[in-house]
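See below for the structure under consideration.
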Amino acid sequence: MSTRRSGRPVLDPATPDEHDLRSGSSRHRAPTVAGAVLGAATIVAYLPGLGRSLDFDSAETVGLFIRPGPPWAAFQRQAVFNNHPLFSFLEQLVRVVTGRTDAATMRVLPIFFAGLAVGVLTWFAARRHGLVAGLVAGTFLACNPTFVELSRSVRGYSLLTLCAVVSTVIVAEDRPGRSRWYDLAYVIVAGIGLATHLYMVPVVVAQFGVIVARRRLDDRWRVCLVGVVAVAVVAYAGMARAMVDANAAHDQAFQPGIPWRLATMVTGSGWASVVIAPLVVVGAVLVLRGRGARGAVIALAAVLAVLWLGLQSSALTARFFVWLVPAAGYLVAVAVGRIPVGAVLVTGWTALVLVLVAPGYTSDPTNYRQAASLLRAVEASGNRGCVVGVGVPPMLGYLEAPRQFGVVTDPAQLEPCDVLVVAAWWHTTKPWFAVDQRVIDAAEGRFPNRTVLGNGDPALVFSIRPLTEYQHRHR
């Protein structure tokens, strides 16, 4: 179904019409080439700083879910909700093939998934709304600060986003008489997304809304949706109890600012959000003329309301919804496809977000690599290094315990330690940090030397002798 103004069709993204099929650019190479080029450019642009130190979540992922084998163990471990099981499994395979778990090796896969997501979005938007619109959509996703940060981490968010984009394209391209291979592709892609992160659930619910609104919920779609759930059940069966217990342990806290944080995260934050907002609104108005799009919005709004107003989890955070970024990019593309001069706003938006992304792009986000090097030196010098509780998981991304360092969760455990590293040194009064703080307080009176490593996210180090003595002996 289409509505025409000024000779241009406004397409429901879930119902391509005959005009699109006969004269659209799907029969030309331009959308495919544009997607391939922009996807490859994204991968190349994300590579600088490949070997910088891991952030907390990435180091924890490597230490708890990737370094310990065998690969299928990725489906048996959980720490709150930090394991993205299918992603961890794939990184386990990378470890097995390469024999490496260093930061540079571990970052390649999420960056590759990010490039694929940008390429597919670019291709789809260009096929529907023209080459410029496609490039706009891909650029919007590739330059979004949150997507950039998460895609360059050792986390499953770029795989989640890729699965959200590809499975939505499959739903959008649904036509009567589709082949069984089409159904299988949806089950595999959506299932991988759900097995990677539970926040693929809202995406699948939105897709269900499209299918129902377009009156396509037949037996084949029912089988597909059951198949997706089955894949997720297999992925989470071994860790379900841990996840239920972790959810019960989390405080319930209503977060009134979540909608605003989501809106700014999706649109780039600050002045970038202000600049791009008109195009997002115009694109939404145009897209919502389609019945399928309205079904998606209603279904998505319902599940988001349950997550925000119903569950009220204190763990709810904006990054779980990173898959909304390509959705907003598509809305911007629709607006630019109708109003080409809107590309000027996208250019200004890109400049603003790149200013946000550039600082620290290639620098270490944490001190963990430096702390790990120190602990190796302490071990080599014949002394005993120790790590305080919360900092243990990220240190496991670099070292092995108890061989290379001891774990301290109580002041009474300080006696054998020559050097104590507080890798996660956070000035917080949160209850989960109280044990670490008691250890730190005891260490202040026991160790004569106190050193701060790094900047930005520093480590606190206590030692019997000056650190230079351990490092000198290591040399």
Side-chain angles (χ1 to χ4, degrees), residues 13 26 29-48 50 58 84-94 97 104-128 131 133-173 181-182 184-197 199-200 203-204 207 228 231 319 321-330 332-333 357:
S26 63
R29 294 183 178 181
T32 302
V33 172
V37 170
L38 195 53
T42 299
I43 293 173
V44 172
Y46 285 6
L47 290 178
L50 193 67
S58 296
H84 301 164
L86 199 282
F87 171 79
S88 297
F89 173 75
L90 294 176
E91 288 281 37
Q92 281 266 23
L93 296 183
V94 172
V97 172
T105 302
M106 293 291 99
R107 282 192 173 104
V108 170
L109 203 58
I111 289 174
F112 176 71
F113 291 142
L116 284 181
V118 169
V120 173
L121 179 63
T122 301
W123 165 80
F124 182 66
R127 182 172 174 268
R128 288 295 185 95
L131 184 59
L135 293 172
V136 160
T139 300
F140 185 91
L141 177 58
C143 294
N144 177 274
T146 299
F147 185 71
V148 171
E149 178 184 359
L150 295 177
S151 298
R152 299 173 76 235
S153 302
V154 188
R155 302 286 281 159
Y157 291 104
S158 59
L159 178 56
L160 167 67
T161 304
L162 172 63
C163 291
V165 171
V166 175
S167 60
T168 300
V169 168
I170 292 173
V171 172
E173 294 292 304
W181 291 108
Y182 183 98
L184 181 61
Y186 177 79
V187 172
I188 291 174
V189 174
I192 288 174
L194 195 51
T196 296
H197 203 298
Y199 274 76
M200 181 72 181
V203 179
V204 175
Q207 293 165 352
V228 171
V231 172
R319 69 175 181 272
F321 303 91
V322 67
W323 42 264
L324 284 171
V325 176
Y330 184 79
V332 173
V357 168

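To the nearest 0.5 Å, the span separating OG on Ser88 from CG on Leu93 amounts to 11.0 Å. In this structure, Leu86 CG and Leu160 CG are separated by 11.0 Å, a value rounded to the nearest 0.5 Å. Atom CG of residue Leu47 and atom CD1 of residue Ile43 lie 7.5 Å apart, to the nearest 0.5 angstrom. Expressed to the nearest 0.5 Å, how far OG1 of Thr196 lies from CZ of Phe113 amounts to 8.0 Å. Rounding to the nearest 0.5 Å places CZ of Arg319 at 15.5 Å from CZ of Phe147.
When the options Thr139, Val166, Leu141, Leu162 are evaluated for a side-chain contact (heavy atoms from CB on, under 4.5 Å) with Leu121, the one that passes is Leu141.
With a 4.5 Å cut-off on side-chain heavy atoms, Phe87 and Leu90 do not count as touching. Using a 4.5 Å cut-off on side-chain heavy atoms (C-beta onward), Tyr186 and Val228 make contact. Using a 4.5 Å heavy-atom threshold, the side chains of Thr146 and Val325 count as separate. With contacts defined as side-chain heavy-atom distances shorter than 4.5 Å, the pair Pro326/Thr161 qualifies.
Here the closest non-hydrogen pair linking Phe124 and Ala172 is CZ-CB, 3.9 Å. Closest heavy-atom contact between Ala34 and Leu131: CB-CD1, 3.5 Å. Between Ala125 and Gly134, the closest heavy-atom pair is CB-CA, 3.7 Å. Across all non-hydrogen atoms, the minimal contact from Trp323 to Ala164 is CB-CB, 3.8 Å. Scanning both residues, Ser167 and Met200, for their nearest heavy atoms gives OG-CE, 3.5 Å.
A donor-acceptor pair is defined here as one N or O able to donate and one able to accept, closer than 3.5 Å; such a pair exists between the side chain of Arg107 and the backbone of Leu50. With hydrogens and angles disregarded, a donor-acceptor distance shorter than 3.5 Å links the side chain of Ser58 to the backbone of Val154. A donor-acceptor pair is defined here as one N or O able to donate and one able to accept, closer than 3.5 Å; such a pair exists between the side chain of Ser158 and the backbone of Pro110. Remark: the backbone N or O of Pro48 is paired with a side-chain donor or acceptor of Arg152 at under 3.5 angstrom.
Salt bridge Glu149/Arg155: absent, no basic N to carboxylate O contact under 4.0 Å.
With sequence neighbours excluded, the residues that form a side-chain hydrogen bond (donor to acceptor under 3.5 Å, both in side chains) with Thr168 are Gln207. Taking the ring pair (Phe, Tyr, Trp, His ring centres under 6.0 Å) definition, one finds that Tyr157 meets it with His84, His197, sequence neighbours left out. In this view, Gln92 and Arg95 satisfy the side-chain hydrogen bond (donor to acceptor under 3.5 Å, both in side chains) rule, not counting sequence neighbours.
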Apply side chain to side chain contact (heavy atoms under 4.5 Å, CB included) to residues Val231 and Leu194 and explain how you reach the verdict. CA-CA 8 Å; Val231 172; Leu194 195 51; over 6 Å; no

